[in-house]
Amino acid sequence: MDNAKIAERLEHLAALLEFQGANPFRLKAYRNGADSIRASSIPVAKALAENQDLTTWVGVGSSVAEKCRELVDTGSLAQIDQLEQEIPPTVLDLLRVPNLGPKKAAALFKELGIKDLDQLKLACEQQKVRALKGFGAKTEQAILEGVLIAAQANQRMRINDADKVVRALQEHLTKFEVLERHEFAGSYRRGKETVGDIDILAVTSDPAGLMEHFATFPDMSSVLARGETKMSIRLDTGFQVDLRIVPAVSFGAALQYFTGSLTHNVELRHRAKARQLKINEWGVFRVGSEAELANDPQREGWVAGRDEADVYAAVGLPWIDPRLREMRDEFQWADANQLPRLLQTSDIRGDLHMHTTASDGENSLEEMVAAARQRGLDYIAITDHSQRVSVAGGLTPERLLRQWDEIDRLNERLAGEFLVLKSIECDILEDGRMDLPDDVLAQADWVMASVHFGIKQTRDEITQRILGAIEHPSVSAISHPTGRLINRRPAYEVDIPAVIEHAAKHRKILELNSSPKRLDLDDLHVRMARMAGVPIVISTDAHAVAQLENLRFGVQQAQRGGLSAQHVINTRSWDGIKSWLAGNATL
DNA sequence: GCCGTTTTCGGCCCGACTGTTTTCAGTCG
């Protein structure tokens, strides 16, 4: 059982206990433990096999450690099995209804025997819900509307979709004339691969006017809440957008606060406390001061809040990039004054994964080259599919060799101003062999190996296929190593720590595929690769010229993994990459 | 349940908003 699965089981346990009304701090402890295990680069199963003491891990105490042991040994938790006798798993779906938390959901289950969303809808329609203590007609109506939302819009938005919404909101908001300052916060600002909702912070001399204007956003379906400083709307797509209006003097504090992550903020405020300070969205305050008691930045005892960097400085820290605010390494790095200079999109010099009309791309070789040159790249690799991917027009050896001839001629015309690499995205077949003969692969400049078929194989089978490809002398990199499609398909069963270890041993590269549908490897695996000294290649997998701009999503994910330019192989010249592959350069 | 440079017990981030309430609980982020 891998760390992600263990973390998921612990979170499920917390959810069940929460439903039972367990001590909230106990739930938090399980969830912290799950976070810690998910973020660990050491597999729990391996640590236990080596008799390591898990309680030395932050957030893991004796209880969580025992549960890990049970999960690894037996594959399940007796406590979960027992709880599920009492609480049908479908009951947890009730928690997806907006404004329905554990207390209310438990009341519905206990008092009315409601076990799933369908039964909840029926109970609302029959007006049974309003009779319960603490519920009323308005709540009943809100739940009824919420059931539909829970049933359909249960998914987080992919980052590229969030990006489109943000652009539309941006355009709408800037039409408001007295908007002095604004910023999009939340997980969008942290660059997460998916975004649950969108948070906007704004400074204006006319809060009521801004709220009025906000309510005229064309894609809005309803206003969920509206107070003096906060307003929430729901979009036609079901997604929620929160607007918070703050005084200029509090903008930095609010931005820090609403950027999160939650666990990052908890740590920051914990540190503030140790310095007799309190941090909230209005600013940094000296504890016990007039300002703190009144929550008023204008009074004595206000320390900082206008800019985000001031908030960090108030507790003796350098500003931390939002991409790193996941409570992983950032405080350690900040304490040691070793925050990395994160990779920037402008550091990338070449794109080593893209398709043309020769397989399933939409643009020709020449068009891809022209678009890449326009983006300021120095080189690209044309990596069309190999023959096994017949639906995508995968290349036979003959067609591939003809494409390479064409590339040779193109390179002559380019006369050193730009370089096109002779490459292939070669399938790793179900039996572990490569989809093209060795003598063909040996003529390539760059070979990416991919799994597209046999994705239902066992963990051991798929892992062995990939380890075998890593050993192949012509293979340069493994592309989209887990095969996951965000919101559509989970990763295939593959032991990524083993893949990383093998790549390190054989001096091979792993891809961070920038397609917003994939973003594969994810941020945690990228971080793991960095720690193991395995270089990452960030590539677009573009199937059309417009997709070359997806690079920024990959860069963002790499930043979340803590990567600097040095960790990313395609920040180097092609000669530099060849040199690394040949063992003549270091990271 | 976890944790510790105010430490082995007693905390655990903190405020906005809503609805059902006569002063607050629940939910959310």
Side-chain angles (χ1 to χ4, degrees), chain A residues 10 13-14 17-18 21-36 54-68 79 94-108 129-143 146 185-190 195-201 211 223-232 234 240-246 250 253-254 256-285 287 292 294-296 315 327:
Chain A
L10 289 171
L13 176 59
L17 289 168
E18 182 173 38
N23 177 353
F25 297 112
R26 187 176 164 214
L27 308 175
K28 201 175 96 172
Y30 285 140
R31 287 170 177 149
N32 281 344
D35 281 346
S36 175
L54 291 184
T55 64
T56 58
W57 296 16
V58 177
V60 178
S62 56
S63 176
V64 171
E66 265 176 46
K67 287 175 171 56
C68 286
Q79 198 182 355
L94 303 187
L95 298 174
R96 297 209 316 259
V97 176
N99 305 312
L100 210 51
K103 294 273 162 54
K104 284 202 163 90
L108 291 166
V129 169
R130 64 178 63 184
L132 295 183
K133 186 171 157 56
F135 292 77
K138 269 192 159 175
T139 304
E140 189 177 74
Q141 185 59 30
I143 290 174
S187 52
Y188 176 78
R189 184 163 182 249
R190 300 203 309 282
V195 171
D197 62 9
I198 288 172
D199 300 290
I200 309 167
L201 292 172
M211 286 190 181
V223 175
L224 298 171
R226 179 172 171 175
E228 282 178 30
T229 63
K230 179 186 159 178
M231 178 165 167
S232 298
R234 192 174 296 289
Q240 186 175 331
V241 183
D242 296 338
L243 172 69
R244 289 180 165 88
I245 298 170
V246 297
S250 297
Q256 196 289 317
Y257 193 97
F258 290 109
T259 296
S261 65
L262 174 67
T263 49
H264 174 94
N265 285 0
V266 167
E267 173 65 17
L268 191 71
R269 298 201 279 279
H270 183 72
R271 287 170 177 237
K273 210 168 200 174
R275 291 171 176 245
Q276 304 292 314
L277 296 171
K278 185 175 85 174
I279 300 179
N280 61 27
E281 65 261 53
W282 304 107
V284 183
F285 302 90
V287 170
E292 191 229 336
N295 228 344
D296 182 356
V315 291
M327 198 57 198

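Predicted model, so just to flag it, every value in this text is computed and none were measured.
Listed by chain and number, the residues in a side chain to side chain donor-acceptor pair (under 3.5 Å) with A/Q240 are A/D242 (sequence neighbours excluded). For A/R26, there are no side chain to side chain donor-acceptor pair (under 3.5 Å) partners two or more places apart in sequence or in a different chain. A/S63 is linked by a side chain to side chain donor-acceptor pair (under 3.5 Å) to A/K67, counting only residues two or more places apart in sequence or in another chain. A/R271 pairs by the side chain to side chain donor-acceptor pair (under 3.5 Å) definition with A/E267, A/D335, not counting sequence neighbours. Under the side-chain contact (heavy atoms from CB on, under 4.5 Å) criterion, A/T55 pairs with A/D53, A/A65, sequence neighbours left out. Residues passing the salt bridge (Lys or Arg N to Asp or Glu O under 4.0 Å) test with A/D35 are A/R38, sequence neighbours excluded.
Pairing for B/dG1 goes to B/dC12, judged as Watson-Crick or G-U wobble with the two contacts each under 3.5 Å.
Nucleotides B/dC17 and B/dG10, compared at atom P, are 36 Å apart to the nearest Å. Taking the C1' atom of each, B/dT20 and B/dT27 are spaced 14 Å apart, rounded to whole Å.
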Contact list (N/O, under 3.5 angstrom) for nucleotides 8-12 of chain B vs protein:
| residue | atom | partner | partner atom | Å |
| --- | --- | --- | --- | --- |
| B/dC12 | OP1 | A/K273 | NZ | 2.5 |

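A/T139 is not listed as a side-chain neighbour of A/L132, based on a closest heavy-atom distance of 4.5 Å or more.
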When the side chains of residues 274-283 of chain A are checked against the rest of the protein, which donor-acceptor pairs come out under 3.5 Å, sequence neighbours left out?
| residue | atom | partner | partner atom | Å |
| --- | --- | --- | --- | --- |
| A/R275 | NE | A/V315 | O | 3.4 |
| A/R275 | NH2 | A/V315 | O | 3.3 |
| A/K278 | NZ | A/E292 | OE2 | 3.3 |
| A/N280 | OD1 | A/W282 | N | 2.8 |
| A/N280 | OD1 | A/G283 | N | 3.3 |
| A/N280 | ND2 | A/N295 | OD1 | 2.9 |

Per-nucleotide protein contact string for nucleotides 22-29 of chain B, where B marks a base within reach and S marks sugar-phosphate only (heavy atoms under 4.0 Å, - for neither)
----SSSB
